[in-house]
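FYI, side chains are in, hydrogens and waters are out, and symmetry mates aren't considered; it's all heavy atoms of this structure. Positions are given from 1, in the same order as the sequence printed here.
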Amino acid sequence: MVRLIARRLVISVAVLWLVTLLVFVATLLLPGDPARAILGQQATPERIAALHAQLGLDAPVWERYLNWLGGVVTGDLGTSTASQGPVAELLGGRIAASLVLLVLAAVISTAAGLALGTWTALRRGRRADHAVSGASLVVAALPEFVIGVALVVLLSTTVFPLLPSVTLAPPGEPVWSRPSQLVLPVLTLVLVVAPYITRMMRATMSEVLDSGYVEMARLKGIPERLVITRHALPHAIGPVAQVIAIQLAWLAGGVVVVEFLFRYPGVGQALIDAVNNRDVEVVQAITLLIAAVYIVVNLLADIVGILTNPKLRSEVSR
């Protein structure tokens with residue numbers, strides 16, 4: 001197990017390095033000049049050249065990449081070209097706000113998807129199974145912004161004016177100080193992610209319930225609750241862990257659209273603002289952060305898949 005995790009870590013570090021290279025090249029291809037975006041269209045060539053020298057934009061590309069990569073390794077994400085402040089300080093509060101949103105959505109969608117998928121698998125062929133399967137298919141086909149707009153129309157307008165449609169917290173106030181403004185963004189992400197987990201869990205659990213070891217456990221007279229929790233769930237969660245990982249990794253990128261829709265002060269909104277302001281350092285930091293979350297989540301999913309699957313555990317031990 002230790003060798004497997006070490007090998008996956010090495011692969012993850014290599015992938016993350018490739019991501020840093022792609023992110024740096026992609027930011028070079030962004031249209032416009034950061035210095036001109038900061039100084040405005042009326043800036044003189046002399047002022048633009050001076051700002052280029054101040055920001056290090058006149059250095060060779062390879063030198064700029066190595067300087068940026070060295071800063072990332074040491075925890076220095078650079079200086080924002082728009083605010084002239086440290087990127088880490090600029091993103092600190094926004095990362096915390098996005099983390100609250102992602103953790104709530106991940107916990108709720110995972111628990112709901114696993115529970116609903118197991119419940120429908122135990123009722124295969126019944127009306128409840130058909131209703132949940134049809135509803136999850138419809139919701140899964142909708143983009144996140146459509147779900148978000150539908151929730152705003154339903155819960156924030158004249159239909160049921162119960163919740164705020166946008167984030168109302170003033171600058172400097174934590175978003176969780178007003179829990180009501182978290183409901184719609186979290187619910188949108190949950191409705192996007194949970195249907196995939198539900199459908200995969202139902203399919204996997206249905207296959208496990210028809211297996212020989214589950215039938216043998218039932219023939220031995222083991223209570224149905226123990227059959228589900230001790231024999232069926234451990235074999236069903238392994239394959240579903242990969243789907244959960246993909247969906248949770250999507251949250252790291254999909255949160256950008258949701259945060260923009262609800263004006264949520266997280267990294268998604270910061271990324272959009274940075275692209276509009278041609279703030280290259282912030283774009284690089286946020287993109288790299290999203291990629292790192294994606295890689296870490298997939299690594300954890302591989303480990304969970306092995307730990308929850310007895311067959312894979314025995315193969316690894318050999």
Side-chain angles (χ1 to χ4, degrees), residues 12 15-16 19 23 77 87-88 90-116 139-140 142-148 151-152 163-169 173-198 200-201 240-275 282-304:
S12 299
V15 171
L16 193 59
V19 169
V23 167
L77 299 178
V87 173
L90 175 66
L91 296 180
R94 292 180 176 268
I95 291 176
S98 292
L99 191 61
V100 170
L101 194 64
L102 294 177
V103 170
L104 289 175
V107 172
I108 296 173
S109 60
T110 301
L114 294 177
L116 199 55
V139 176
L142 298 176
E144 59 270 19
F145 66 87
V146 174
I147 296 176
L151 290 177
V152 170
L163 299 168
S165 59
V166 295
T167 303
L168 302 176
E173 179 180 309
V175 290
W176 51 86
S177 62
R178 304 185 185 188
S180 61
Q181 64 190 1
L182 295 173
V183 175
L184 288 183
V186 171
L187 185 57
T188 301
L189 293 174
V190 169
L191 290 177
V192 172
V193 173
Y196 294 95
I197 301 176
T198 300
M200 185 62 185
M201 187 62 185
V240 178
Q242 301 296 329
V243 176
I244 295 176
I246 294 174
Q247 296 306 311
L248 297 186
W250 172 90
L251 285 177
V255 73
V256 175
V257 176
V258 175
E259 288 185 357
F260 178 75
L261 178 63
F262 293 102
R263 298 299 185 267
Y264 189 84
V267 293
Q269 185 66 44
L271 178 61
I272 295 175
D273 294 339
V275 172
V282 176
V283 174
Q284 291 173 338
I286 295 177
T287 308
L288 188 60
L289 177 64
I290 294 174
V293 171
Y294 188 92
I295 292 172
V296 170
V297 169
N298 278 277
L299 177 63
L300 294 177
D302 291 339
I303 297 174
V304 171

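- Atom CZ of Phe262 and atom CG of Leu163 lie 10.0 Å apart (nearest 0.5 Å).
- In terms of heavy atoms, Val139 sits closest to Pro195 at CG1-CG, 3.7 Å.
- Side-chain contact between Glu259 and Ser98 is present, with heavy atoms from C-beta onward closer than 4.5 Å.
- Contact check for Leu101 versus Tyr264: side-chain heavy atoms found under the 4.5 Å cut-off.
- Closest approach of Ser109 and Val193 over heavy atoms only: OG-CG1, 3.8 Å.
- Note that the CG atom of Leu271 and the OG1 atom of Thr287 stand 5.5 Å from one another [nearest 0.5 Å].
- Leu104 contributes atom CG, which lies 9.5 Å from atom CG of Leu99 (distance to the nearest 0.5 angstrom).
- The distance from the CG atom of Leu189 to the CG atom of Leu184 is 11.0 Å, given to the nearest 0.5 Å.
- Minimum heavy-atom separation, Val146 to Leu142: CG1-CD2, 4.3 Å.
- When atom types are taken as modelled, the side chain of Thr110 and the backbone of Val107 share no donor-acceptor pair closer than 3.5 angstrom.
- When side chains are defined from C-beta on, Leu16 counts as touching Leu288, because their heavy atoms get closer than 4.5 Å.
- Scanning both residues, Thr198 and Gly113, for their nearest heavy atoms gives OG1-CA, 3.3 Å.
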Intermediate values then yes/no, side-chain contact (heavy atoms from CB on, under 4.5 Å), Ile244 and Leu114: CA-CA 10 Å; Ile244 295 176; Leu114 294 177; 4.1 Å; yes

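- Looking only at side-chain heavy atoms (C-beta outward), Leu191 and Leu151 come within less than 4.5 Å of each other.
- For the atom pair Ser165 OG and Leu261 CG, the distance stands at 9.0 Å (nearest 0.5 Å).
- In this structure, the side chain of Arg94 engages the main chain of Gly266 through a donor-acceptor pair within 3.5 Å.
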